[in-house]
Each structure stands twice: as structure tokens, then as C-alpha cells.
Amino acid sequence: MADDLLKQALLERAKRELAARQAKAQRPQAGSLLDFPQVDPQPNVAKDMAAAGAAGAARGTTGMLDLPGMIFGAGSRAGSWVAEKTGLASPEDAQAAHQMVTGAADASRFGSGDKYRQAAAEATGGATEFRGETTAGKYAGTVGEFLPGSPFGGGNLLRNALVYGVVPGLASEGAGQLTEGTAYEPWARAIAPMVASGAAAALTRPRGPQAPSVDDLKAQAEGLYQTGAARAGADPASVQSLASQIDNELQALNVKTPAGRVVADGNVKKFLDVLDDFQGQSMKPQQMQTMRRMLQDAAGSSDPADRRIGAILLEKFDDWRGQHVPEYKQADALYGRMKRAQDVDWRIEKAERRAASSGSGGNRVNAARQNIKQILDNPKARRGYSADELRAMDDIVRGSTTVNALRNIGKLSPDSGALPLMGLGAASAGLGPIGAIPSAVGYFAKAGAEGLTNSQINALGAMIRNGGALPVNALAQADRAANALLALRSIAASD
């Protein structure tokens with residue numbers, strides 16, 4: 001029995017040793033690890049973001065230094081292109097001139113657009129060109145490229161870093177990843193930060209001074225009229241003083257005969273007759289308003305003599321009335337602004353209806369310009385508008401150099417008549433999509449011209465309602481300059 005147990009134990013031990021030897025034979029020997037799949041260690045996201053962000057900040061800093069060279073080089077390329085297309089130089093000469101100019105710029109401290117970036121890459125052994133290995137690192141690197149230029153924004157440092165650093169960086173990288181590997185990627189990386197930064201600037205910028213609305217002006221004027229109506233008005237002695245002032249003015253105008261007869265007719269005569277009836281009487285505020293309306297009718301008369309005398313007497317009467325009811329003068333100014341603003345608004349609405357009736361609505365801006373021109377061409381319609389308001393109308397009608405240039409290019413737009421058909425015909429004649437490029441350019445140029453003119457019209461309305469030009473929004477001006485700088489940086493960063 002004992003022998004059987006011993007044999008069984010030895011057999012089990014032998015089995016275990018055999019199994020151990022077999023396992024050892026299957027175990028990889030030294031130097032055979034390549035026989036197994038290797039798993040690369042996962043990069044540390046935080047370290048990757050820090051390294052990519054620092055590299056991006058370095059590129060952003062050198063990019064700011066390289067901007068003058070980039071602008072200089074772009075100008076040289078544009079000049080060479082114009083010289084070649086206009087026949088002033090052959091393609092070879094134009095290219096040689098461009099190379100000579102950029103070569104001289106590269107030798108100077110400005111460089112040709114990437115001088116400082118290359119110097120930084122060489123000094124760091126390429127570390128400043130690190131883009132990140134993780135998605136988060138790539139975003140951090142692109143944000144880093146925009147941050148060095150953000151202090152030049154219009155707000156405080158925190159707002160500038162957000163609007164001109166973080167937001168455009170995230171937008172650029174996000175658009176780049178969405179279009180990665182396509183022909184659209186450079187465009188997406190350049191345009192997305194401009195759009196995103198512009199929107200962020202508008203959202204974070206406090207509203208500047210705003211002009212009152214037409215309803216606000218009406219409410220203020222009515223309140224002042226009610227306050228003025230509660231005053232006592234003018235006593236008989238003051239009314240007699242007014243009559244003497246009017247008489248002196250008539251004599252100065254040579255419209256009163258030696259016998260005392262006034263050579264005037266119409267509303268002027270009506271006003272003088274009523275004023276005679278007030279001799280020895282008081283004049284209440286409401287009665288002053290009735291007298292004033294007579295002079296207003298005279299000043300707006302179609303009779304030149306009545307209009308001239310009425311305007312002079314109206315000014316004299318307003319000065320006298322303001323001594324007794326100062327609220328009326330303030331109310332008249334507010335009411336006048338309201339009526340002029342309504343006049344312009346009505347003309348713009350009329351232009352919109354006219355454009356809508358044509359079907360496309362594409363001529364709304366032109367119709368608005370024509371309706372505003374009617375004010376300038378009519379002496380009666382011009383009455384009451386300030387010199388600045390009339391000048392703003394003239395600018396709208398004539399158009400600025402930029403607006404007129406865009407309008408001319410806009411004639412190529414598909415909705416501008418027969419001229420764009422040339423581009424469409426060229427496309428169908430074998431040029432393919434290239435032939436339609438002029439129409440596309442014309443479409444955006446026309447939209448740009450209309451947008452600028454609409455801004456001028458809106459500014460005119462605000463000027464009239466405000467009683468003068470609104471104070472300049474300094475932050476908005478600074479933002480425009482910062483957006484222009486960001487546009488250059490984003491274009492340079494997308495190269």
C-alpha cells in the first residue's frame with residue numbers, strides 16, 4: 001500500500017516538472033520581445049498641451065515680428081502681378097523684380113515674411129514648430145499662436161485674450177480639423193478666426209451711446225409742451241414789446257411804407273393782423289402756438305417773398321416766446337427731429353416697397369438713394385435739416401470711393417442685369433467653373449456695397465434723432481483695428 005502511494009506521488013511530481021519544462025520552452029528568450037506586438041506609451045495630455053502651447057506662443061511672437069515682411073512681400077507679389085497683367089513687364093521681368101525686392105527685404109531686419117520664425121526654429125532645434133500629438137495639444141498650439149497679438153485689442157487684457165487669442169485659436173483649429181487634408185483647409189483656418197473673433201468682440205463690447213427712438217422724441221416733446229402750457233404766458237407789456245420788435249424788423253426788410261402799410265400778403269399778413277388784435281392784451285402759451293403756426297406756414301410758403309419774410313419773423317418770434325415759455329423751444333427741437341426722422345424713414349420704406357414690387361428686391365439701396373436725393377433737390381424739403389445731416393445725405397447719394405468701386409464690380413453679380421451673363425456664358429463655353437468666378441466676385445462686391453450704404457443710412461437716421469452725430473465708440477474703433485491685425489495674423493498662420 002505504501003509503495004503504491006509513493007509511486008503515485010512520484011508520478012504527480014514528474015507531471016508537474018514536465019509541465020514546467022514545457023512552459024519554459026514556450027517562454028520567449030532574451031531578445032525575442034520583437035516577436036510580440038508593441039504598444040506605444042500614451043502621451044501625457046497636460047504635458048503635450050503645455051509644450052504645444054509654448055511652441056504656438058513662440059510662433060505667434062515671431063509671427064508678429066514677421067508681419068511687416070509678410071505685408072511687404074504680399075505688396076511685391078501684387079505689384080508684379082499687376083505689371084505682368086497690364087503689359088508693363090514680361091512674366092520673367094516681373095518675377096525677377098519680385099525676387100529682387102523680396103531678396104532685399106529678406107536681407108533687412110524686416111525679412112520676407114518668415115525670417116524670425118525660421119530663426120526661432122533653428123535656435124530651438126525645431127521645438128517651436130511642435131504642433132502637439134493629442135487633439136487637445138493641437139488646439140493649445142493654435143491658441144498659443146494667437147495669444148501674443150491679443151494685447152493689441154480694444155478692451156482689457158482678459159477680454160483681449162479671450163476675443164483675440166482663445167476664441168480665434170479654437171475656431172481656426174476646429175475649422176482646420178474639419179477640413180483637414182482638403183483644399184479648403186487653409187481657407188478655413190484663415191477665415192474661421194476672423195468670423196469667430198468678430199462675433200466675440202461684438203458680444204463682449206458694451207453698447208455705445210444710442211440715439212433716442214422716434215417714440216422717445218415724441219413722448220419727450222409732448223411732456224415739454226404740457227409743462228409749457230401750464231405757464232402764465234406773456235403780459236400786455238411784453239406783447240407790445242414783441243410788436244415793436246416785429247415792426248423794426250419789417251422796416252429793416254423794407255417791406256413797410258412810410259405811411260405804415262406792410263407790403264406783405266398771405267400768412268405774413270394774417271400773422272400781423274392777429275398780432276394787432278393782441279395790443280393791450282395778454283398772450284397765453286396756447287395762443288403763442290397758434291401765432292407760431294401762422295409764421296411756420298409763411299416760412300413754408302411757395303411764395304418766395306412770403307417764405308423769406310416768414311422765416312425771419314419766425315426766428316424773431318421764437319426768441320421772444322422762449323423768454324416766456326422755454327419748454328416750447330426745447331419741445332420744438334425734439335418735435336422737429338422726430339418729424340425729420342419720420343420723413344427719412346418714410347422715404348426708406350417707400351424704397352423698400354418699390355424694390356419689393358420689382359420681384360427680386362435687389363434695387364432697394366438704389367431706390368433709397370434716389371428718395372434721399374429728392375430731399376437734397378427740393379429747397380422746401382431741405383428746410384430744417386442741419387448742414388451735417390445734408391452732408392450725410394450727399395455722401396449716401398454720391399457714395400464713397402470704396403462703395404462706388406464695389407458697385408462697379410457688383411455689376412458682374414448674377415442679379416445685376418445682362419453683364420453677368422458674360423461670365424455665365426464663358427462657363428458654358430468651355431471655361432468651366434472658372435468662367436463663373438467674375439459673377440461670384442460681383443455678387444459679394446454688390447452685397448458689400450449695399451451693406452456699407454445701409455450703414456450710412458442707419459447712421460443718418462441716428463444723427464437726426466440724436467440731434468447730431470453720436471459720440472464715437474472708442475472700443476468699437478479699437479476692435480476694428482484689432483480685427484484687421486488678427487486677419488493678417490490668421491492669414492500668416494494658415495500658410
Side-chain angles (χ1 to χ4, degrees), residues 211-250 252-253 264 266-301 306-346 380-390 461-469:
S213 67
V214 168
D215 291 337
D216 292 336
L217 294 173
K218 182 179 180 180
Q220 293 176 40
E222 289 178 346
L224 288 169
Y225 281 131
Q226 292 175 3
T227 301
R231 287 185 175 270
D235 57 24
S238 182
V239 174
Q240 181 58 44
S241 174
L242 170 65
S244 297
Q245 294 177 43
I246 295 295
D247 186 69
N248 292 334
E249 195 67 41
L250 291 173
L253 292 172
N267 289 295
V268 171
K269 182 66 166 57
K270 184 189 298 183
F271 169 80
L272 296 174
D273 290 343
V274 175
L275 182 60
D276 285 342
D277 293 340
F278 271 96
Q279 296 304 307
Q281 304 292 324
S282 298
M283 187 180 293
K284 296 180 181 180
Q286 295 91 333
Q287 293 171 326
M288 294 179 185
Q289 292 300 84
T290 301
M291 299 289 287
R292 187 178 190 275
R293 279 192 286 272
M294 296 179 192
L295 290 177
Q296 278 185 304
D297 291 341
S301 172
D306 203 32
R307 184 169 63 244
R308 181 176 67 91
I309 299 171
I312 294 173
L313 297 186
L314 176 62
E315 183 178 356
K316 184 67 67 175
F317 182 84
D318 280 346
D319 290 340
W320 174 83
R321 185 192 60 161
Q323 299 172 12
H324 301 281
V325 191
E327 293 85 359
Y328 277 173
K329 186 173 184 179
Q330 301 173 41
D332 288 344
L334 292 170
Y335 188 77
R337 283 155 53 185
M338 180 196 75
K339 296 300 290 183
R340 292 192 297 274
Q342 287 179 329
D343 178 39
V344 171
D345 289 344
W346 174 77
K380 185 176 180 180
R382 289 169 61 104
R383 190 164 60 88
Y385 288 101
S386 70
D388 288 339
E389 291 164 358
L390 293 173
M463 177 189 293
I464 295 172
R465 298 193 308 274
N466 190 61

To the nearest 0.5 angstrom, please state how far the [atom1] atom of [X] sits from the [atom2] atom of [Y].
| X | Y | atom1 | atom2 | value |
| --- | --- | --- | --- | --- |
| Tyr328 | Met288 | OH | CE | 8.0 Å |
| Leu295 | Glu315 | CG | CD | 12.0 Å |
| Asp277 | Leu272 | CG | CG | 11.0 Å |
| Asn267 | Leu313 | CG | CG | 11.5 Å |
| Leu275 | Met291 | CG | CE | 4.5 Å |
| Arg337 | Glu389 | CZ | CD | 9.5 Å |

For [X] and [Y], indicate whether the former's side chain and the latter's backbone hold a donor-acceptor pair under 3.5 Å.
| X | Y | answer |
| --- | --- | --- |
| Ser241 | Ala237 | no |
| Gln226 | Gly223 | no |
| Arg465 | Gly461 | yes |
| Arg307 | Ser301 | yes |
| Asp343 | Lys339 | no |

4.5 Å side-chain heavy-atom contact, [X] and [Y]:
| X | Y | result |
| --- | --- | --- |
| Asn466 | Pro212 | yes |
| Phe271 | Leu314 | no |
| Gln281 | Val239 | no |
| Lys284 | Gln287 | yes |
| Arg308 | Leu253 | yes |
| Asp297 | Asp306 | no |
| Leu334 | Met338 | no |
| Leu242 | Phe317 | yes |

Those residues that, when tested against Arg231, pass salt bridge (Lys or Arg N to Asp or Glu O under 4.0 Å) (two or more places apart): Glu327
For [X] versus [Y], what's the shortest heavy-atom pair and its separation?
| X | Y | answer |
| --- | --- | --- |
| Arg382 | Leu390 | NH2-CD1, 3.4 Å |
| Ala298 | Gly310 | CB-CA, 3.8 Å |
| Pro236 | Ser282 | CD-OG, 3.3 Å |
| Ala469 | Met463 | N-CG, 3.8 Å |
| Ala211 | Ala462 | CB-O, 3.4 Å |
| Ile464 | Ala341 | CG2-N, 3.6 Å |

Please indicate whether Phe278 has more than 12 foreign heavy atoms, meaning atoms of other residues, nucleotides or ligands, lying under 6.0 Å from its CZ.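 Count over threshold, so yes.
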Salt bridge check: are Asp318 and Arg321 linked by an N-O gap of less than 4.0 Å? yes
Residues Trp320 and Ser238: side-chain donor-acceptor under 3.5 angstrom: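 Yes, side-chain donor-acceptor contact under 3.5 Å.
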Between Thr290 and Gln286, do the side chains contain an N or O donor and an N or O acceptor separated by less than 3.5 Å?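 No, no side-chain donor-acceptor pair sits under 3.5 Å.
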Pairs flagged by side-chain hydrogen bond (donor to acceptor under 3.5 Å, both in side chains) wherever residues 216-225 is involved - sequence neighbours left out: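 Every side-chain hydrogen bond (donor to acceptor under 3.5 Å, both in side chains) pair that includes a residue of residues 216-225, provided the two are not neighbours, is Ser213-Asp216, Tyr225-Asp332.
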